[in-house]
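Here the structure is a predicted model, which means the values were calculated and not measured.
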Amino acid sequence: MSSDQRIPTPLRTFRLPPAVDGNDADITLGRALVAAWQSDGIFQISATAAQQAATERALAASRAFCGRPLEEKAAHVSDLTYSGYVASGEEETAGERDGSEIFTVCPDIPADDPRVIERWPCHGPAPWPSPAYARAMKDYLAAVGEIGHRLLRLTALGLGLRDTDRFTRLTEDGWHHMRVLRFPPAAATSERGIGAHTDYGLLVIAAQDDVGGLYVRPPVPGEERGRNWLPGESMAGRYEHAEPWTYVAPIPAVFTVFPGDIMQFMTGGALLSTPHKVRLADRERYTLAYFHEPAFNAVARPLTDAGTDDFIHYGTHFTNMFMRCYPNRVTTARIEAEGRLKILDRLREGAPA
């Protein structure tokens with residue numbers, strides 16, 4: 001049966017404790033979260049009333065912005081940061097244009113910050129459409145960021161790590177960011193939603209409206225999964241038309257959570273980065289995809305790093321991924337023209353061991 005027939009598969013849904021202290025209940029929950037990722041590639045977290053209210057405000061702000069004229073939306077682009085508007089068709093997956101319309105929200109760093117003055121790539125003020133839009137998105141980022149912190153502590157417990165903060169030390173002052181997406185109705189475009197891919201970061205927390213269109217690929221025994229952080233092993237487009245794919249039915253007041261490429265790298269494949277794609281529906285669809293990430297200058301290493309020098313410098317990884325995704329964007333042109341990649345070389349040399 002084709003996944004496009006949208007037969008929902010029940011996903012495991014968990015309720016997070018207010019704090020993660022490492023007690024027996026936390027360990028049991030952490031193991032259950034890890035087991036759900038290993039079997040399904042995804043699980044759901046119940047939202048509190050306050051979290052759901054922040055979600056609704058962010059979705060409402062996105063709807064209002066997307067309803068503005070194209071020329072007005074297109075004015076909200078920065079040449080310093082990858083924050084800002086992305087028009088439908090500007091983004092590609094495996095060489096095919098995606099129909100998603102996006103506002104990317106990266107860390108909003110003032111122009112007088114030393115990192116901006118020193119020309120760190122991707123650093124600068126966010127080109128907010130309005131103060132109200134900025135407030136809605138920042139409130140949402142704060143709400144899901146706190147969820148991400150607890151989830152990473154639970155993940156460490158679930159993997160049996162003695163160091164509960166193995167992940168959260170990386171994400172102190174993290175480069176947390178978000179893609180605020182609108183998908184047009186299928187009848188309004190010849191383009192698809194988003195092609196099959198994995199996400200480049202550590203942890204993905206997403207919320208969707210009531211329309212639906214997200215599919216994820218669960219771990220498949222014996223299936224080769226590329227190391228997407230390496231130039232020659234992109235997961236873009238892989239298994240696009242090969243079953244199994246799980247339709248993620250929209251359910252009120254939940255967040256969907258799955259691992260990204262850095263989690264796969266750090267765990268040696270014990271937790272695989274989850275491939276996902278979006279199919280257009282008969283109505284427009286709005287989603288919020290949040291990425292809980294290491295700090296820009298953090299270095300991610302395998303949990304069992306004995307005998308290997310492998311590492312991912314997050315700032316280099318993020319910059320390379322966005323330059324590859326947006327080769328024609330004004331931000332990419334400025335990074336290249338001003339030699340800002342040399343700043344990354346210096347940051348890697350001085351990054352924490």
Side-chain angles (χ1 to χ4, degrees), residues 8-23 25-30 32-34 36-37 40 42-67 103 105 107-108 128-155 157-158 167-168 171 174 176-183 202-214 216 247-259 276 281 283-293:
T9 299
L11 299 178
R12 296 198 64 181
T13 302
F14 302 93
R15 189 176 300 277
L16 295 184
V20 178
D21 302 317
N23 56 38
D26 289 342
I27 293 171
T28 299
L29 176 57
L33 299 179
V34 167
W37 273 338
D40 304 328
I42 190 172
F43 57 72
Q44 296 176 149
I45 294 295
S46 296
T48 65
Q51 291 163 352
Q52 184 60 19
T55 301
E56 293 299 335
R57 288 194 298 270
L59 288 171
S62 178
R63 291 187 187 98
F65 172 70
C66 288
F103 194 96
V105 179
D108 186 10
W128 296 113
S130 69
Y133 187 96
R135 284 194 300 273
M137 297 308 166
K138 288 182 177 182
D139 287 349
Y140 181 79
L141 286 169
V144 288
E146 202 278 327
I147 292 172
H149 182 80
R150 280 182 283 165
L151 282 172
L152 288 182
R153 287 178 59 84
L154 288 165
T155 300
L157 291 169
F167 297 112
T168 56
T171 59
H176 311 314
H177 57 281
M178 178 167 63
R179 285 155 56 90
V180 184
L181 301 106
R182 171 195 176 267
F183 297 92
L202 184 63
L203 186 68
V204 184
I205 304 173
Q208 58 178 332
D209 65 10
D210 63 343
V211 176
L214 174 65
V216 300
Y247 172 56
V248 181
I251 296 175
V254 299
F255 300 102
T256 55
V257 185
F258 50 88
H276 50 289
R283 294 183 288 148
E284 66 177 0
R285 174 176 178 262
Y286 289 85
T287 69
L288 305 165
Y290 167 80
F291 305 92
H292 197 75
E293 302 291 70

Shortest non-hydrogen contact from [X] toward [Y]:
| X | Y | result |
| --- | --- | --- |
| Gly145 | His292 | O-CE1, 3.2 Å |
| Gly213 | Tyr247 | N-CE1, 3.7 Å |
| Thr55 | Ala207 | CG2-CB, 3.9 Å |
| Ala281 | Val211 | CB-CG1, 3.6 Å |
| Ala289 | Leu181 | CB-CD1, 4.1 Å |

Under 3.5 Å, is there a donor-acceptor pair between the side chain of [X] and the main chain of [Y]?
| X | Y | value |
| --- | --- | --- |
| Glu293 | Leu202 | yes |
| Ser62 | Ala58 | no |
| Asp26 | Asp21 | yes |
| Gln208 | Val248 | yes |
| Thr171 | Gly174 | no |

- Item | side-chain contact (heavy atoms from CB on, under 4.5 Å) assessment of Val180 paired with Tyr133 | CA-CA 11 Å; Val180 184; Tyr133 187 96; 3.9 Å; yes

In Å, rounded to the nearest 0.5 Å, how long is the span from [atom1] of [X] to [atom2] of [Y]?
| X | Y | atom1 | atom2 | result |
| --- | --- | --- | --- | --- |
| Leu29 | Arg15 | CG | CZ | 12.0 Å |
| Asp139 | Gln51 | CG | CD | 12.5 Å |
| Gln52 | Arg57 | CD | CZ | 10.5 Å |
| Leu33 | Leu157 | CG | CG | 10.0 Å |
| Leu214 | Thr256 | CG | OG1 | 6.0 Å |
| Thr48 | Ile147 | OG1 | CD1 | 7.0 Å |

Contacts of type side chain to side chain contact (heavy atoms under 4.5 Å, CB included), residue [X], not counting sequence neighbours:
| X | answer |
| --- | --- |
| Leu141 | Val105, Met178, Tyr290 |
| Pro107 | Ile109, Trp175, His177 |
| Thr28 | none |
| Arg182 | Cys66, Glu101, Pro184, Pro185, Glu284, Tyr286 |

- Query: What's the verdict on side-chain contact (heavy atoms from CB on, under 4.5 Å) for Ile45 and Leu151, showing C-alpha distance, side-chain angles and the deciding distance?
  - Reply: CA-CA 10 Å; Ile45 294 295; Leu151 282 172; 4.1 Å; yes

- Message: I'd like to know whether Asp209 forms a side-chain contact (heavy atoms from CB on, under 4.5 Å) with Arg283, so could you lay out the CA-CA distance, the side-chain angles of the two residues, the decisive distance to 0.1 Å, and finally the verdict.
- Response: CA-CA 11 Å; Asp209 65 10; Arg283 294 183 288 148; over 6 Å; no

- Query: So Phe103 and Phe65, would you call those rings parallel, tilted or perpendicular, with 30° and 60° as cut-offs?
  - Reply: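 The rings of Phe103 and Phe65 stand perpendicular, inter-plane angle above 60°.
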
Could I get the full list of salt bridge (charged side-chain N to carboxylate O under 4.0 Å, His left out) partners for [X], not counting sequence neighbours?
| X | result |
| --- | --- |
| Arg153 | Asp165 |
| Arg135 | none |
| Asp108 | Lys138 |
| Glu56 | none |

- Query: Where do Trp37 and Thr155 land on the side-chain contact (heavy atoms from CB on, under 4.5 Å) test, with the steps shown first?
  - Reply: CA-CA 10 Å; Trp37 273 338; Thr155 300; 3.5 Å; yes

- Message: Is there a side-chain contact between Thr13 and Ser46 in this structure, where contact means two heavy atoms from C-beta onward sitting under 4.5 Å apart?
- Response: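 Yes - at least one pair of side-chain heavy atoms lies under 4.5 Å apart.
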
Test ring pair (Phe, Tyr, Trp, His ring centres under 6.0 Å) applied to [X] - qualifying residues, sequence neighbours left out:
| X | result |
| --- | --- |
| Tyr140 | none |
| Phe14 | Phe43 |
| Phe167 | none |

- Message: For residues 140-150, which residue pairs pass the salt bridge (charged side-chain N to carboxylate O under 4.0 Å, His left out) check, not counting sequence neighbours?
- Response: Glu146-Arg150

